[in-house]
Amino acid sequence: MSLLTAPRSAKAKPEETRSASEIRADKRRGRVGYLLILPGFIFMLLFFVLPVFSLLATSLYTKPPGADIGQFVPALQFSNYAAVLGSYWPELVRSFAFALIATVAALAIGYPMAYLVAVRLRGRKLLQGILLVLIIAPFFTSFILRTQAWKQILADEGPVVAVLRAMALLPEDGRLTATAFAVVCGLTYNFLPFMTLPIYANLERLDTRLIEAGGDLYANSFTTFRTVTLPLSMPGVIAGTLLTFIPASGDYINAALLGNNQNTTMIGQVIDSRFFRVVDYPGASALSFVLMLAILFLVILYVRRFGTKELL
Amino acid sequence: MTMVQTKPESPNTDADDQGADLRLAAITKRFGGFLAVDNLDLEIPAASFFALLGPSGCGKTTTLRMIAGLEQPTSGSMSIGGKDITGTSAHERPVNTVFQNYALFPHMSVLDNVAFGLKRRKIRDHQAKAKQALELVELGHLSARRPAQLSGGQQQRVALARAIVNEPALLLLDEPLGALDMKLRRQMQGELKRIQTDIGLTFVHVTHDQEEAMTMADTVAVMNQGQVEQLGAPRELYELPRTAFVANFLGKSNLVAGEIIEDRGDAVVISAGGNRLAVRKDRSTTHQGKALIGIRPEKLRMMWPADAPADGSNILRGRVLDSSFTGVSTEYLVEVAGIGPVGVFSQNHGQQLAAPGDDVVLTWDTAHAFGLDGDEDTQAGAREAEAAAT
C-alpha cells in the first residue's frame, strides 16, 4: 500500500480584510477598556505600588545611636540586607522547601480531584456541584480555626497519633504536632482548593473527544494522559501551583500553630516577630523585600520552563 | 510474517490485516433503556467504500464507535479479518477514525498530529511518513502550523492524513464533511473517493446525507432504529427499495396503497382509487392482498390528455396543483382522484410546461414501479429525510 499520489493544488483562503468601521469600533472598545481598568489601577497604585516603595525605603533605614526602640531615620543602609540574609537564610530556604513540598503534595491530591469532577463526572451536574461545594467548603471556616483543628487532629492524644503508634509507624514517644510534617500537612490542606479550582476550571473545558482521538491513535490511557490531557491542562496546573506556592512560602500561621520553635520556623514567622516583637522595621522590611524578589525569581524561572505563552 | 495478536505497536504485522473484512455479528447496544443498535449483523468486505446512512438517532454513529472501540457492545461480537476484536479497547485495534469535528490536538503542530499514531507504535522515521501523508492531502507546506491556524477544510484534511498515515485495516469516517460548506463538501467527496481508490483502504463512512453516501460509497447500508433496513449498491437501493423507509429516505417516492387484484404471471396489478397499476413480481415484496406501489417522481411521464393512451394500466389522470420551475427540471404536484397528490419530476426538454389547474395524464413503465408490503406506512422515512436535508 502506498501513500504516494500526485498532489493537487490546495486553495488558500485570502487574508481577511478589516473595514474602517471595524477599526473604529475596536478603538472605541479600547477606550472603554481603559476606563473600566481605571478603578483597579488606582487601587493597585495606592495599596500596592506605593507601599512597595515605602517598604523599600524602610528596609534601608538606620537606627541612630542612642535612639529608642522602634526609632529609625531614613538612610541608605544596604547592610540591612546582608545582616538579615546572614541571620535568616535557613528560614528562607526552609520556607521555600516547605512550600515546594506542599505544592507538589497539593498537586498530587488536587489534580485527580479536579479530573474526577471535571472529566469523569461530566454531564452529572448535581454530583459535580456537590463535590465542588465540598472542595470550597473549607473556606466557610476561618483559616486559623481550620489550622487549629489540624492541631487537635494531629495532637499527641489524638486518634491519628494513637493509630500510627499502634501500627508501629510512629515510635512510642513519636509525635506529629510540632514537626515539619505537621506544618507541610497544614500548608497542603489549607492551599489545596487554590490548586484544585484552577485545574478544574481548565479540565472542565477539555474536549473529551481529544482523549478518544488519543485512544484511536494507539495511545493507551496513560500515554493519552501524558501526551494530550496533561499538556492541555498545563495552564491550569501552572495557575494552581503558583496560587499554592506563593502564599505557602510566605505563610506563618501553619508554622506557628503546627510547628515548633526550633526546626520548623518559616520566614513569615521571622518577619512577623521582627516587625511586631523586636520592632526592627528595617530588618523586617528587608526580609519582606528579599522574600518578594526570591518568589518573583523562582516564579519567572518556573513559568519560563513550563509555562505557556498565555502567562508570560 | 508471524501471526501476532494485534498490539498497539504492530497493528499491521498481520498480513491479513490489510484490507481485512469487518464482521459484526448480532451486535446490540443499549444506553440505559434506549436500544441504540438492535441485533445488527453486518459484513464489510475489504477495500470497499461502505456507507452507513440514516437519520440522526438511527444507531449509525454508535455502530461506528463500537467498531472503533470507543463503545463496547452490550452483546454480540465483531472481528476484523477473522480475528475477534470484541472487548478490546480502541488503542488495540487496527482501526482509525476521522472524527466529526476532527479532534485535532490543539497543542501540537499539524505534523505532530499526523505523526502521533506512528510514534505510539514506535514506527521509525515517523516524521518522514507523516510528511508524506500531509503531501497526499496537499498540506505539506502547512506542517509547522497549529490546527487552529487552519481553515475547516484544511483541518479536515489533517484529520484524514492523521488517520490514513497509520494504514489501518479500516478507516472510519464519522460525518467527516458535516462541518464544511456545500462547495467544499462536494470537492472533498471527490477527493476522499480518490484517496480511497488510490490507497485501497476499507472506508466505513457514517453520514445522514444520502447524496454523499450515494456518490462516494460502493455499498450503502440504510439504517433506521438500530437496524439495517436495506443494504446494497447505491443504484440498487435507489431503483429497488425494499421498505417504505428506504423509498422515502433515499430520494423521493410516490407510495400508493392498494389491493392486488390480478396476477398476470410475471406481474401483479394493484387497484388503487379505481386505477389499475402494474408492478413486476420480481420488483415487489408481496404478490397478494394489500400492497404499496412505489414510483420515483422522475420516472413518471406527464402528458396532455389528448396525447394519452385511451385506456389500460399505469395511467393516472389528474390536475396540476402546483409547479416549480428549477431550470433543468420542473417539479409538479398532481392531484389524482382516489390517490391524492403525486410528485412528478419533469426534465426540461423544451416542452410546454403545465400550469396549476391543467388536466394531465401520468404514465410510466411497469419496469420502474416497485411493490412493498401493504401494511407499511407510506410516510415512513419522509420526515427523517427532510430533517437530514436541513
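Convention: sequence-line order gives letters A, B, ...; per-chain numbering from 1.
Applying the 6.0 Å contact sphere to CG of Leu230(A) captures more than 12 heavy atoms from other residues, nucleotides or ligands. Under a cut-off of 6.0 angstrom, the local environment of CZ in Phe41(A) is sparse, with at most 12 non-hydrogen atoms contributed by other residues, nucleotides or ligands. No more than 12 heavy-atom neighbours from other residues, nucleotides or ligands sit within 6.0 angstrom of CZ on Arg124(A). Within 6.0 Å of CZ on Phe96(A) lie more than 12 heavy atoms contributed by other residues, nucleotides or ligands. Residue Phe139(A) places its CZ atom among more than 12 non-hydrogen atoms of other residues, nucleotides or ligands, all under 6.0 Å distant.
Nearest heavy atoms, Phe116(B) versus Ala219(A): CE2-CB, 3.9 Å. Residue Phe105(B) comes nearest to Leu210(A) through the heavy atom pair CE2-O, 3.4 Å, listed as atom of the first residue, atom of the second, then distance. Closest heavy-atom contact between Ala103(B) and Arg209(A): CB-O, 3.9 Å. Heavy atoms only, all atoms of each residue included: Arg120(B) and Leu217(A) are closest at CG-O, 3.5 Å. The heavy-atom pair separating Asn220(A) from His91(B) by the smallest distance is CB-NE2, 3.6 Å. The shortest heavy-atom contact between Tyr218(A) and Pro168(B) is OH-CB, 4.3 Å.
With a 4.5 Å cut-off on non-hydrogen atoms, Leu104(B) touches chain A through its backbone but not through its side chain. If you measure heavy-atom distances from Asp207(A) to chain B, you find no contacts under 4.5 Å at all. Neither the backbone nor the side chain of Thr224(A) comes within less than 4.5 Å of any heavy atom in chain B.
The CZ atom of Arg65(B) lies 4.0 Å from the CD atom of Glu212(A); values are rounded to the nearest 0.5 Å.
Note on Asn101(B), Thr97(B), Asn96(B), Leu70(B): by heavy-atom pairs under 4.5 Å with chain A, the leading option is Asn96(B).
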